[in-house]
**Q** 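This is the structure I want to talk about, given as structure tokens.
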Amino acid sequence: MVDLNSGHNPDHNPDHNPELAHQFEDMDQQKEAAALGMWTFLITEVLFFGGLFTAYIVFRTQFSEAFAKASHHLDIVLGGINTFILLGSSLTMALAVHAAQEGRKEKTIRFLGVTGILGAAFLVIKGFEYAHKFEHNLFPGASFGYDGFEPDHAQLFFILYFALTGVHAAHMIVGLLLLVVIAWMTARGRFSATYHSPVENFGLYWHFVDIVWIFLYPLLYLIDVTGRTQ
Amino acid sequence: MIVPTRVYYRVSLALLALFILTVAASFIHFGDWNVYIAVTIAVVKATLVVLYFMHVRYQTRLTWIFAGAGFLWLLILFALTMSDYATRS
Amino acid sequence: MTTIKEPLRPDDYLNAGYGVKSWLLTLDHKRIAILYLISITFFFFVGGFFAVLLRIELMTPAGDIVTAETYNKLFTMHGIAMIFFFLIPSIPAVLGNFLVPMMIGARDLAFPRLNLFSWYLYNVGGLFTLYTMTTGGIDTGWTFYAPYSSSYTLSDPVPVVVGIFVLGFSSILTGLNFLVTIHKMRAPGLTWFRLPLFIWASYATSVIQVLGTPVVAIALVLLGFERLTGVGIFDPKIDGDPILFQHLFWFYSHPAVYIMILPSMGVVSEVVSCYARKKIFGYNAMAFAILGIAVLGFLVWGHHMFISGQSVYAGLVFSALSFLVAIPSAIKVFNWTATLYKGQIEFRTPILYAFGFIGLFTIGGLTGLFLASLATDVHLTDTYFVVAHFHYIMVGGAVMGYLAGIHFWWPKITGRMYNEAWAKFSALILFVGFNLTFFPQFILGYMGMPRRYYVYPEEFQVLNVMSTAGASILGLGYLIPMIYLTWSLRKPKTAGNNPWKATGLEWTTVSPPLTHNFDSVPTVTTEPYLYDDTDDASGSAGSAGSAGLAGLAGLDSSARAALPPHPKEVKRGRS
């Protein structure tokens, strides 16, 4: 119910939640605004990655054979493990949000912790993959050395590979940093069954980053599995 | 509302099954169709994540509109850009 | 800035806290608006400075003042400063930040800290761009076309590209803030179709900012990647496609022009309605036209690429869609005209700027049709015709709308009135200077003078000299308001709550407003723009302005009690 006389001074209503920001009327409005804000931000992320996917579509349709052959240099097992890891982390993130909604502090932190470990594992594996690429001169630029089919077009593939997975990894890193912050806030007792929207909204971000990978794995790694010789 | 955890476990199983399906399908030679199959499965997986993990199934119409608008604009970007590449002689 | 603080007067937002820290760490949307006002005015003069230099060079057919490379840098920096650091933020970040919460009866935006962060991001972006000027500048044009910007230019685009990327974030966050605020924080009874058109315009602008900016951001990231690694997807040497850069760039940059014009259109609706003392003709059509412009604006970007090598068939599609976007714009011009028709027009400075907007935007818009038409565009593209077209819209349109808004809301923002005589005089100077600068450019372009050239054939000199002369008058027109507006701040805050007797929740507060805007949340029961036709300028103290609003300003409570409550009144607008 809206109290038209609530005034600007929160002290007039001593019962209000200390987490209620002064510009909002009540916790519901604040929660809805925060969620809508996160969704708006995620829309911008969809379009940001969208530009990269557009480039991918343009070049894959033009140079499909070169892309297929270049993709053989990616390790589908490591990529598959990473996909499995991220799916798992999405589950644990959802469970963390659930625990936060129930106001269960320790459970929230535990699930956040597992999510963080899985996210870190993802980045470690990514690191190994990148190291392998650098060793084999597959990073675009002056050091690029490719003796396969249509090296120029293969280089386009690797530019897109590094751009897509690199931007994705950057989002994972930011996600892990935010996760630490959210976990710390949980540990400090900031959240409860009535106020936990930062955890929920962080969950939205985490799931979005997972969705991007859901597309990256088949589009980069699984282009031409049947054409691989090993 | 608080989504019961069994929903999350079931969706995770579905996602796992679809992941296995994606990999399995990639081992079979469908030619040009491989990519369409892979993307379709990915879209189904993404939809499950959006609806259940991101709770859109239980949210207001406004959230549906916001979530949908992002993907609609993505399609505009793809479609009009490809209208150039697809029709170059 | 001296203020004569009267006793017994509560602290308004300008008084509430002194000192640099209270401003640099403020969370008050009104103070943030002032911070933005200072920043964008600075960049306006930076952009203006480059324009002065290039117009001086263009007085003579030969390249005698600067070298070709330097000239390229001048028009590049002019474009970047004006578009990214002045026009795109201008109305949203200054007038929008100040007015959006007030117009919907809220105490602040949804995310005040994000708002302050937006301002800091703006300045960081600006610093990267200014830094480039110390290291030799860039010469790619504000459009950064590959492969010149990615491979061949000897200048360094990377700092500017980073600066604009950061600025893009600032723009996105402002848009995000407005979207959530307008959806979730409207006062009880303030349904969508009771909103002032300035809010509709701010909303549509925010949609564009959120959907479009990320794509130019990724284009710039890829450009940076290409500069740093020496190779990229826009590089023809590895069968990359420079036109792809243009697709990604213009996917944003065309809608960006609607970011620049829609808020101005919102201002014009507010001003026209107030000074004609009539409600806006065809309110619903105006609201839908605003949305239509925003949506259609995303479907036309290829009209910047007709001669780039883009497929002709795609060009046909983009050309047809570009004609469509003229329709909602025309509807708006017709409806403003219909609003003015038989209105009791009071010729104050804001309406003079609005008149300027309507006329000059129409000319700019009509010339856009020549460019939307694929066949004629082949002749006109990359000539001064295009330069004239977009300056008619951006300067004759957007900047005049901005100045209309600054003058209209100045008493609310500062509590002071400016000198009306000087204001009218400078509006006139601006109008004359503007047309003298840019009308000759239509002719020059049609006759074939290319843009971005520092030399030209002798026969074009007369028109170029006219244009430069006009630019000097135009510059004067911009300097004079700086003086009288600043001068007005020396006066006491006696402008009054509603000197124009305007409708709108922002006018029901004191001038300048208190930090928290409204003591009690107002309830809205009527449509906007309830101007009484028979209301005379000196008449009943603001009753036309506050009819239907329960809140601070004197309201006839018996009149309000007589109205049945609207079904949607019960809860604050949350959808």
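Protein chains get the first letters and strands the later ones, always in sequence-line order, with residue 1 at the start of each. Small disclaimer: the values here were computed from a predicted structure and weren't measured.
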**Q** Within a 6.0 Å radius of atom CZ on B:Arg88, are there more than 12 heavy atoms belonging to other residues, nucleotides or ligands?
**A** yes
**Q** Considering residues, nucleotides and ligands other than C:Phe169, do more than 12 of their heavy atoms fall under 6.0 Å from its CZ?
**A** no
**Q** Quick one: are C:Val295 and B:Trp73 in side-chain contact, heavy atoms under 4.5 Å?
**A** yes
**Q** Between C:Phe251 and chain B, with a heavy-atom cut-off of 4.5 Å, which part of the residue counts as in contact: side chain, backbone, both or neither?
**A** side chain
**Q** Has C:Asn284 got more than 12 heavy atoms of other residues, nucleotides or ligands less than 6.0 Å from its CG?
**A** yes
**Q** To the nearest 0.5 Å, what is the distance between OG1 on B:Thr87 and CD on C:Gln310?
**A** 8.0 Å
**Q** For C:Phe117, does the CZ atom sit with more than 12 other heavy atoms under 6.0 Å from it, leaving out its own atoms?
**A** no
**Q** Please name the pair of heavy atoms, one in C:Trp301 and one in B:Leu77, separated by the smallest distance, quoted to 0.1 Å.
**A** CH2-O, 4.2 Å
**Q** In terms of heavy-atom pairs under 4.5 Å, which option from C:Val312, C:Ile243, C:Val317 contacts chain B the most?
**A** C:Ile243
**Q** Nearest 0.5 Å, please: how far is OG1 in B:Thr81 from CD in C:Gln246?
**A** 12.0 Å
**Q** Would you call the rings of B:Tyr85 and C:His247 parallel, tilted or perpendicular, where under 30° means parallel and over 60° means perpendicular?
**A** tilted
**Q** Identify which of C:Val215, C:Asp241, C:Leu244, C:Leu299 forms the greatest number of heavy-atom pairs closer than 4.5 Å to chain B.
**A** C:Asp241
**Q** Is a side-chain donor-acceptor pair under 3.5 Å present for B:Asp84 with C:Tyr313?
**A** no
**Q** Could you have a look at C:Gly212, C:Gly302, C:Gly315, C:Ser311 and say which one has the most heavy-atom pairs with chain B under 4.5 angstrom?
**A** C:Ser311
